[in-house]
Amino acid sequence: MKKSKSFWAFLILAAVVYVVVQFFIGSGFINIYYSNLLITIAINIILAVSLHLVIGITGQFSIGHAGFLAVGAYVSAIVTMKLELPFILAVVLGGVIAALAGLIVGIPTLRLRGDYLAIATLGFAEIIRIALFNIDYVGGAAGMQVSHLTTWTVTFVCLVITILVITNFTNSRHGRACIAVRENEIAADAMGINTTYYKVLAFAIGSFFAGIAGGLFSHNFYIIQPGNFGFLKSFDILIFVVLGGLGSLTGSVISAILLTVISAFLAQYPETRMIIYSLVLVIVMLYRPQGLMGTREVTDLFKWKPAKGGN
Amino acid sequence: MALLEVKNAGIQFGGLKAVSGFNMRLNQGELVGLIGPNGAGKTTSFNLLTGVYVPTEGEIIFNGKRLNGLPPYKVTQSGISRTFQNIRLFSELSVLDNVKVAYHSLAKNSILSSIFRLPSHFSEEKNMEDKALEFLKIFKLERFKDEKAKNLPYGQQRRLEIARALAAGPKLLLLDEPAAGMNPQETHELMELIAFIREQFDLTILLIEHDMQLVMGICERIYVLDHGQLIAEGTPEVIRSHPKVIEAYLGEEVSDEHA
Amino acid sequence: MDWLQQLINGISLGSIYALIALGYTMVYGIIKLINFAHGDVFMVGAFIGFYAIKGWGLGFLPALIISMVFCAVFGVLIERIAYKRLRNATRIAALITAIGMSLLIEYGMIYIRGAQPEAYPADVLPNKAINFFGVHINSQSLFILLTSIILMIILQFIVQRTKMGKAMRAVSLDMDAARLMGISVDKTISFTFAIGSALAGAAGVVFGVYYTKIEPLMGVIPGLKAFVAAVLGGIGSIPGAMVGGIFLGVIESIVSAAGFSLWRDAAAFVILILILIFRPSGIFGKNTREKV
Amino acid sequence: GCGTGNQSASGGGGNSDVFKLGVNMELSGNVASYGESMAKGVEMAVAEINKAGGVEGKKIEVIKNDNKSEAAEATNGIIKLTSQDKVNAVIGAATSGNTVAQAQIANDTKTVLIAPGGTSPTVTVDEKGKVREFVFRTSFIDPFQGTVAANFAANNLKVKDAAIFSDSSSDYAKGLSDAFKKTFEKAGGKIVAEESYVGKDTDFRATLTRIKAKNPSFIFIPGYYEEVGLIVKQARELGITAPLMGADGWDSPKLVDLAGAEALNNTYLINHYSTEDPDQKVQDFVKAFKDKNNGDAPNAFNALGYDTVYFLADAIKRAGSTDSVKIQKELAKTKDLSLVTGVLSIDKNHHPIKSATVLEYKDGKQVFNSKINP
Amino acid sequence: MLKVNDINVFYGNIQALKGISLEVKEGEIVTLIGANGAGKSTLLKTLSGLQRPKSGTIEYLGETISTKAPQAIVKAGISHVPEGRRVFSNMSVEENLELGAYTRKDASGIRKDMEKVYELFPRLLERRKQLSGTLSGGEQQMLAMGRAIMAKPKLLLLDEPSMGLAPLIVKQIFNIIEQINKEGTTVLLVEQNANMALSVADRAYVIETGRIQISGTAAELQASEEIKKAYLGGH
Ligand SMILES: Nc1ncnc2c1ncn2[C@@H]1O[C@H](COP(=O)(O)OP(=O)(O)OP(=O)(O)O)[C@@H](O)[C@H]1O
Ligand SMILES: Nc1ncnc2c1ncn2[C@@H]1O[C@H](COP(=O)(O)OP(=O)(O)OP(=O)(O)O)[C@@H](O)[C@H]1O
Ligand SMILES: [Mg+2]
Ligand SMILES: [Mg+2]
């Protein structure tokens with residue numbers, strides 16, 4: 001029952017955040033720069049949370065998430081720009097096709113483990129990127145020009161849905177099955193859990209939301225090119241998840257926010273930007289290898305804890 | 001009718017015949033031991049029974065159903081569950097959640113019901129929680145229920161693993177060296193626990209163990225493997241004095257050593 | 001005759017991958033870390049060699065040695081600073097650190113000297129085209145192939161036969177148990193990084209001589225390819241790295257030769273994935289399925 | 001990060017005493033070396049102009065933004081420059097895609113955006129054929145160079161068959177090769193092989209071997225010097241002796257280092273200018289650049305970045321104001337402006353009209369071959 | 001020979017050893033018994049340098065070793081056979097034995113000791129070239145002990161050598177322990193199997209949740225009712 005209480009708390013909090021931000025945007029208090037930054041942050045959170053489900057919850061070491069972002073971005077761009085269908089439909093279709101791509105990628109590769117899985121997922125993402133590169137219909141290297149349709153409202157709704165779905169999934173027997181796979185695949189199997197099914201499922205759900213993020217992404221930035229979805233992009237998403245703390249959803253959210261803001265802030269110092277960014281990365285990992293939040297959630301911090309067991 | 005029937009089962013790894021021509025019959029409600037020297041193929045035969053390995057020969061019939069080639073999770077769902085020689089708990093999960101996981105395949109609510117938080121989600125979750133707590137009580141683990149499994153003392157971890165295996169609702173329970181790393185006193189308590197759960201849950205139990213006190217003390221029948229082959233089968237008395245078993249496994253003076 | 005030419009093209013490309021992959025595989029073998037910074041050590045090696053040749057007017061061999069020594073020290077430093085603390089952390093934390101180090105080296109280099117490329121002088125090594133029934137074999141490519149084969153043999157010898165090699169293998173299998181044998185784990189890991197990085201440095205110089213162009217981001221793609229090569233061959237295996245590298249080079253050449261040069265990298269990845277699916281630990285890798 | 005305080009009041013507005021020039025370039029990431037080169041040119045020009053008193057009595061202040069060679073970051077960058085830094089104009093980016101990513105915002109916020117390198121026609125004209133009012137560029141557009149190359153091959157070199165080997169990862173090369181193909185075929189030539197490579201590659205031997213098998217008597221290689229240098233070298237090593245030709249992407253002193261002087265014999269390139277050009281403007285630029293960069297000669301990207309600032313400064317001067325609407329009007333009217341990279345006029349599509357120079361490499365030196373007017 | 005004075009050992013915040021003191025004299029077999037998680041393995045790890053005591057000292061042959069690195073401790077003559085055997089699974093039996101002698105330089109001495117190990121464990125001779133990961137549990141235990149003997153230790157630390165082994169093998173292992181001891185090696189033996197351990201040991205310590213509870217000669221402990229009840233499963 002406590003779960004459902006936090007569910008409503010979350011919804012109310014989300015509504016409040018939305019109303020406040022919307023008010024500030026409407027009143028011009030938040031200018032286009034900040035509202036755009038908010039949208040970018042929200043998209044990054046969606047990406048982080050979707051990968052969190054795959055890596056943090058299910059323990060599948062996927063480092064090719066940008067591939068699904070690309071699928072979502074391109075599919076949705078095709079839907080609005082070529083088929084001239086509504087934006088919302090485009091975003092949803094982007095997610096659905098990305099989820100399909102997730103299935104296609106996941107079924108053969110999720111038999112692999114650890115680093116082998118990592119390199120295979122990275123390979124798949126590269127294959128997707130190279131394919132886009134070679135398809136003239138979507139503009140090849142030059143990319144596709146996309147109308148600006150992404151709004152704060154749509155992005156925020158998508159963000160809330162993503163977090164809700166993934167939290168609800170995680171806090172259910174299905175999510176527990178995924179965690180069991182992460183903790184010990186052999187034992188999970190022996191407990192009657194169809195491990196392949198759950199791995200692929202988590203992968204597909206993760207890809208779905210990456211695809212949603214893709215739709216929002218492409219309609220926020222005027223042009224998409226295959227080059228934007230290389231492995232460095234995948235690493236960026238991976239970094240959100242790991243830096244936040246593997247297994248902690250709020251951790252991924254926090255680190256997605258922090259890193260997006262830091263990165264935006266550093267853009268004006270081009271000479272040292274990447275040096276600072278990489279130093280932050282290395283130093284955080286050296287001094288907090290478990291990530292900012294470890295496996296805990298922010299909500300845990302507020303819970304009264306019996307005196308037992310420190311951190 | 002036998003609950004489990006293994007006919008001529010075997011498996012080969014490369015050139016090595018880890019188990020071959022293995023025959024076994026377990027009747028409903030029996031408590032049977034499986035012993036043999038290290039590397040004899042005991043754990044491997046458990047792996048054959050539970051679908052971790054697919055037998056390269058022979059067949060396994062459980063409850064009238066052929067198990068060959070079924071993946072482990074289906075074997076578990078059809079009523080065989082196990083513990084592992086090297087403990088395999090979900091170490092980051094709480095003790096309670098460890099047991100809840102085992103209920104997974106007994107619950108019915110769909111993914112969508114969980115995502116949309118439909119009533120069936122709540123009722124199934126509640127049901128799982130209640131049952132899991134019941135189990136923890138039986139195993140005297142309820143005071144640890146929110147502790148991470150990895151923080152439990154070793155002996156409790158072994159118990160939790162058995163609790164978890166039971167929660168999956170098996171008819172046949174396979175225990176792989178449940179007493180390993182326990183001192184004689186703890187082993188003794190474990191024996192009582194095994195006897196108790198057999199009664200309570202109407203189980204059939206097959207266990208691997210090197211601790212002869214335990215094996216001889218509670219098993220009704222014993223199978224002995226050596227080099228992947230069955231060398232003896234019978235009651236503890238028969239096994240204790242079986243020359244082949246003494247030669248391969250027990251060593252000379254075991255019969256006159258009393259604890 | 002074309003296919004023969006293409007095969008030769010592929011082998012010389014592959015030998016460079018192999019040279020980088022050897023270091024990758026060694027480091028991975030011992031601490032199971034995908035050392036993304038390896039490609040950047042390769043880049044640094046290329047630049048050191050360049051400055052040695054162009055700035056100090058040294059010949060190929062001294063430049064090679066200077067670069068190898070520098071990279072060895074550099075590699076050890078990276079390990080000491082960034083990876084050592086993380087030995088007991090999760091693999092993924094170490095991976096992120098490696099990504100961070102990689103970016104740091106790349107952009108540190110750009111900060112120091114800018115992003116523009118540099119060209120190795122053309123006359124470092126004799127470059128005679130040997131014409132063999134219409135097939136052009138570049139004397140340099142023969143040289144590269146030879147270098148990587150020799151280095152592979154030396155490495156294989158070190159790892160399999162010497163005491164240090166045994167210590168390396170022991171550390172890679174079980175660090176604590178290795179300590180109990182009286183092996184200094186830190187020294188052994190440093191030694192491995194030194195060798196792996198020296199190899200990367202050598203690859204950098206050889207690359208510079210063969211391909212002329214070097215730039216601060218030059219390590220990214222070859223680094224990734226070399227990693228793919230190492231995985232193809234079975235990561236951790238020294239002959240595997242060699243075979244994986246050559247194999248990858250030849251595949252890329254064949255795909256390009258067939259007119260699909262734009263799909264070349266995709267083809268490489270497809271083959272990688274297929275191999276992983278059917279031989280999950282690569283061509284030479286041991287199948288280390290967890291024993292239940 | 002930056003506080004969300006209300007900066008709109010203090011952010012500079014229209015009439016401060018500096019002219020804020022945003023530079024939204026590829027300063028890290030894949031094509032950082034091009035963006036960096038252009039930024040270098042921009043800064044050099046700005047320093048000169050400031051030394052001479054600035055524009056309309058205002059010093060130019062450069063505010064750089066790194067777009068990481070990514071379109072999304074380019075959009076974020078121009079949003080930041082226009083809404084946070086309140087720049088008066090923006091220069092960027094090196095590639096067409098990253099310029100397109102900024103174009104809409106520039107237009108919406110009525111901020112002049114000039115691309116030193118975005119050579120695709122779509123930079124200044126949107127997909128519906130409408131001119132983006134506030135967007136300009138300094139370099140000539142792709143089709144023009146492709147046409148020039150084809151005509152040169154067909155008329156001057158009198159070749160009948162040609163191969164194209166282009167950089168598929170850049171829309172620049174794609175635009176050039178399309179135009180080349182069209183013109184060359186119209187002139188009665190035959191394209192015997194069309195191959196491409198991926199930017200950042202280093203080994204082109206496999207594809208070159210394929211091209212060699214077709215035995216073309218001319219190879220057109222639109223692309224950037226970083227790869228072209230290696231392509232030329234490897235082509236010669238494989239025994240390809242046919243004349244090779246490229247466009248302004250070739251221009252860099254590094255090309256000679258990369259390919260080797262000998263390999264470059266019998267190759268041609270189209271360029272905005274030649275560092276060998278005795279023209280005073282050019283020589284001053286080359287000298288000044290060398291002084292600043294310990295002897296390194298400028299490449300085409302440096303020159304384009306440099307010219308872009310003068311292109312802008314000229315319009316400001318004519319407008320007599322730093323008001324961006326006025327600047328925009330004057331930019332559009334630019335005619336026969338003499339710059340390092342040639343004499344520039346702007347047409348109704350905001351495409352620059354510039355004459356092109358065909359140069360030939362002889363023993364590592366660019367030698368003037370012919371001048372081609374649009 | 002070995003003197004442990006009041007050591008405290010922590011894993012992060014968890015204190016595993018709380019003021020442990022004990023002594024091992026030259027030529028003895030001393031056994032350490034206690035339940036799971038009592039801290040037996042931790043104590044051995046601390047002795048061999050894998051774990052550092054936060055306070056307290058360890059003296060060995062009159063020298064303080066509690067600050068030394070494991071390799072120095074091995075050189076000084078302490079060999080540790082860790083819990084769970086920890087053989088180098090991808091290496092052959094022979095290579096494992098060679099690694100045991102890693103700190104030694106006397107090639108002929110090493111060869112002689114190798115022969116001695118093969119004599120003690122003829123099974124290992126048969127399997128010289130086999131990868132040790134494919135050995136059975138008992139064989140691995142023999143290998144682990146053989147590997148430790150290769151370091152020519154004066155003091156051998158054994159952590160639960162009987163764990164998971166068949167009764168026959170357990171007996172063999174204990175015979176070998178006695179034999180090694182007779183040949184002059186001092187042994188500190190950690191065991192769950194208290195019956196067996198006490199039957200070969202001279203003296204024993206009982207350790208409970210990080211503290212020494214009882215100590216005495218093996219015979220005394222074997223006779224104690226309390227011990228019988230708690231550790232020997234007497235009923
Ligand atoms: N996956 C595998 N690949 C290769 N060989 C295997 C594999 N699994 C088991 N074996 C081999 O099969 C034989 C039987 O092993 P198993 O683990 O069944 O022994 P066991 O009887 O359980 O011994 P113990 O009492 O020591 O646990 C051993 O020789 C083992 O090395
Ligand atoms: N690496 C570790 N990190 C944290 N705690 C540890 C670690 N190793 C051991 N402990 C804890 O220290 C205590 C002592 O453990 P130790 O392994 O020394 O016990 P033991 O007596 O050897 O038990 P066993 O019979 O199970 O081998 C236990 O509470 C254990 O949980
Ligand atoms: Mg077993
Ligand atoms: Mg222990």
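Letters A, B, ... mirror the listed sequences (proteins, then strands); counts begin at 1.
With chain A as the partner, the residue from B:D146, B:L106, B:D97, B:N151 showing the most heavy-atom pairs under 4.5 Å is B:D97. Your options are B:L93, B:N109, B:V101, and the one with the most heavy-atom pairs under 4.5 Å with chain A is B:N109. Of all the listed residues (B:G51, B:A107, B:A102), the one sharing the greatest number of non-hydrogen pairs under 4.5 Å with chain A is B:A107. In terms of heavy-atom pairs under 4.5 Å with chain A, the best-connected choice from B:S91, B:A165, B:P170, B:A149 is B:S91. Ranked by non-hydrogen atom pairs under 4.5 Å with chain B, the options A:G175, A:A188, A:G247, A:A180 are led by A:A180.
B:S114 and A:S172 make their closest contact through OG-CB, 3.3 Å (heavy atoms, listed as atom of the first residue, atom of the second, distance). Contact between A:T295 and B:E92 at its shortest, heavy atoms only, is OG1-OE1, 4.4 Å. In this structure, A:A190 and B:R82 approach most closely via the heavy-atom pair CB-CG, 4.2 Å.
Contacts between A:L164 and chain B at a heavy-atom distance below 4.5 Å are absent for every atom of the residue. Of the atoms belonging to A:T170, not a single heavy atom falls under 4.5 Å from chain B. Proximity to chain A (any heavy atom under 4.5 Å) is restricted, for B:S110, to the backbone atoms N, CA, C and O. Only the side chain of B:E125 comes within contact range of chain A, judged by heavy atoms closer than 4.5 Å.
Atom CD1 of residue A:I205 and atom CD1 of residue B:I115 lie 5.0 Å apart, to the nearest 0.5 angstrom. Taken to the nearest 0.5 Å, the CD1 atom of B:I111 stands 5.5 Å off from the OH atom of A:Y198. Between A:I186 atom CD1 and B:T50 atom OG1 the span is 10.5 Å, to the nearest 0.5 Å. Remark: A:N184 CG to B:N98 CG distance equals 10.0 Å, nearest 0.5 Å. Note that CZ of A:R176 is 12.0 Å distant from OH of B:Y103, once rounded to the nearest 0.5 Å.
Tested against A:R173 for a side chain to side chain contact (heavy atoms under 4.5 Å, CB included), the candidates B:K100, B:M128, B:E124 yield a single pass: B:M128.
By the 4.5 Å heavy-atom criterion applied to side chains, A:M191 and B:H104 are not counted as neighbours. Residues B:K150 and A:E183 fail the side-chain proximity criterion, which asks for heavy atoms closer than 4.5 Å.
Other residues, nucleotides and ligands place no more than 12 heavy atoms under 6.0 Å from the CZ atom of A:R111.
No side-chain donor from either of B:Y73 and A:D189 sits under 3.5 Å from a side-chain acceptor of the other.
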